[in-house]
Protein chains: 2
Amino acid sequence: MAIDHLDGRLIVLLAREPRIGVLEASRRLGVARGTVQARMDRLQSNGVIRGFGPDVDPAALGYPVTAFATLEIKQGQGADVRAHLATVAEVLELHTITGHGDMLCRLVARSNADLQRVIDRVVGFDGIVRASTAIVMENPVPLRIIPLVEQASDDTEPG
Amino acid sequence: MAIDHLDGRLIVLLAREPRIGVLEASRRLGVARGTVQARMDRLQSNGVIRGFGPDVDPAALGYPVTAFATLEIKQGQGADVRAHLATVAEVLELHTITGHGDMLCRLVARSNADLQRVIDRVVGFDGIVRASTAIVMENPVPLRIIPLVEQASDDTEPG
DNA sequence: TATTCGCTGGGCAATATGCGCAGCAGAACA
DNA sequence: TGTTCTGCTGCGCATATTGCCCAGCGAATA
């Protein structure tokens, strides 16, 4: 479950040079090829590494606007709302949360005007009582995981 | 900029079988190897595909708790706050959003109790006036991009 | 009509992969 | 103290893939 320092270095290396081969990775890390192979297998069957899916930029696809919407759901309609939102391609992720509002979702749109269409599509569903939207202006820290990986691997093996 | 249907199929294929080679991809798509190579190069230099970084699961690293925090920032302290949050490994992403100079960030923690430590760390900074946190309970739609890719490629080439 | 562009299909040397193997050091354990 | 695991090493081999070249060809374009 926990990762050691070699795992951490391997993940960082993979993040930096994603299309690197096992052999080259073993050279960079200074370990045997079989070791890298075994570590990668373990990390993947552990679920630490879910996959190596291509990291697609919505903006480059023509969806440069990102927003977060907090949704208030009618009692007992949760499952229907989830199913509805799953069918909307512009809904990139959906969470159920504590506190004010019941769900939080990340939306993308082709423009600010187009965002209105997306929101209408999202909230145009019976179970949704109210939606409150915040448009993203800047993204000073894009989604990242490497610092956490380094922290986790340092926790395990301080050397 | 826009992607055609072949690009879409290629991205979907890469998403489904990430460690696939160029040759195998060309066989699956029924096109020449050079074509796949050229498309991949183009998608990457376009910025449509940012990379193939390993998709690491924070939960498997020992951080199963996710939360979103909305921050209220003291006027003119934005840059300092951004720099501060960038140093906190548990801050996985940070956005500035519309409203009153506010920010939205995604946090992870080792437990609900540990989340308190993270929040203290986040808000224990001069420029932050107030923080409101929503803990994620379920994640019905994990971060995804494939439906949007399919939509974008269908827009371009309906056939 | 001439040109450009993207795709095809082939060939080539160099490289990487998947796989198996034995040896070895350290840790756990009786 | 001796035994058993476990993980890493370093090696070899057959096969598959890569990176790079080329000429031809059809469609769109000037």
Side-chain angles (χ1 to χ4, degrees), chain A residues 1-57 60-62 149-150 152-159, chain B residues 1-57 60-62 149-150 152-159:
Chain A
M1 186 85 162
I3 62 173
D4 69 11
H5 207 245
L6 179 58
D7 290 322
R9 288 202 300 144
L10 176 57
I11 292 175
V12 170
L13 180 62
L14 288 171
R16 197 150 37 210
E17 304 181 46
R19 247 34 210 157
I20 202 176
V22 172
L23 185 58
E24 180 62 19
S26 72
R27 283 195 281 255
R28 304 285 185 87
L29 298 174
V31 296
R33 180 164 67 109
T35 304
V36 172
Q37 210 122 32
R39 293 301 186 109
M40 287 212 2
D41 290 349
R42 193 168 58 85
L43 287 172
Q44 289 192 67
S45 59
N46 267 351
V48 173
I49 296 181
R50 289 200 205 95
F52 294 85
D55 180 14
V56 177
D57 182 6
L61 287 178
V149 168
E150 287 171 338
S153 66
D154 285 352
D155 285 353
T156 308
E157 193 166 316
Chain B
M1 184 87 162
I3 62 174
D4 70 10
H5 206 246
L6 180 57
D7 290 323
R9 288 202 299 144
L10 176 57
I11 293 175
V12 170
L13 180 61
L14 288 171
R16 197 149 36 208
E17 306 182 44
R19 236 71 189 139
I20 202 174
V22 172
L23 185 58
E24 180 61 21
S26 74
R27 281 195 283 255
R28 303 284 185 88
L29 297 173
V31 297
R33 179 164 66 112
T35 304
V36 172
Q37 209 122 34
R39 293 302 187 108
M40 287 214 1
D41 290 348
R42 193 170 57 85
L43 287 172
Q44 290 193 66
S45 60
N46 267 351
V48 173
I49 296 181
R50 290 200 204 94
F52 294 85
D55 180 14
V56 177
D57 181 5
L61 248 39
V149 168
E150 287 171 338
S153 66
D154 285 351
D155 286 353
T156 309
E157 193 168 314

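Order of the sequence lines sets the chain letters (A, B, ...), proteins ahead of strands, with each chain counted from 1. These figures come from a predicted structure and were not determined experimentally.
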Distance, nearest 0.5 Å, that separates [atom1] of [X] from [atom2] of [Y]:
X	Y	atom1	atom2	answer
B:I3	B:R39	CD1	CZ	10.0 Å
B:H5	B:D155	NE2	CG	11.0 Å
B:R19	A:M40	CZ	CE	4.5 Å
A:L29	A:E24	CG	CD	10.0 Å
B:S153	B:L10	OG	CG	11.0 Å

Taking [atom1] from [X] and [atom2] from [N], how many angstroms apart are they, rounded to a whole number?
X	N	atom1	atom2	result
A:L43	D:dG7	CG	P	13 Å
B:R42	C:dC7	CZ	C1'	13 Å
B:I20	D:dT17	CD1	P	10 Å
B:L6	C:dC7	CG	C1'	10 Å
A:L23	D:dA16	CG	P	19 Å
A:M40	D:dC8	CE	C1'	17 Å

Counting N and O atoms only, with roles assigned by atom type, does the side chain of B:D41 sit under 3.5 Å from a partner on the main chain of B:A38, one being a donor and the other an acceptor?
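Checked: no pair found.
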
May I ask you to say what A:R19 touches in the nucleic acid, namely base, sugar-phosphate or nothing, with a heavy-atom cut-off under 4.0 Å?
nothing

For a quick check of understanding: with a heavy-atom distance under 4.0 Å over all strands, which category does B:E24 fall into, base, sugar-phosphate or nothing?
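No contact.
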
Give a yes/no answer on whether the side chain of B:R33 brings an N or O atom under 4.0 Å of OP1 or OP2 in D:dG19.
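It does not, given that no N or O in the side chain of B:R33 lies less than 4.0 Å from OP1 or OP2 of D:dG19.
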
Answer yes or no: does a side-chain N or O of B:R27 lie under 4.0 Å from OP1 or OP2 of D:dT17?
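Yes.
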
Do the side chains of A:R27 and A:I20 get nearer than 4.5 Å, heavy atoms only?
no

All stems with DNA chain C, defined as three or more consecutive Watson-Crick or G-U pairs under 3.5 Å:
C:1-30 with D:1-30

Nearest listed nucleotide, side chain of [X], among [options]:
X	options	value
B:T35	D:dT18, C:dT8, C:dT17	C:dT8
A:Q37	D:dG10, C:dA16, C:dG18	C:dG18
B:A32	C:dA16, D:dT17, C:dT8	C:dT8

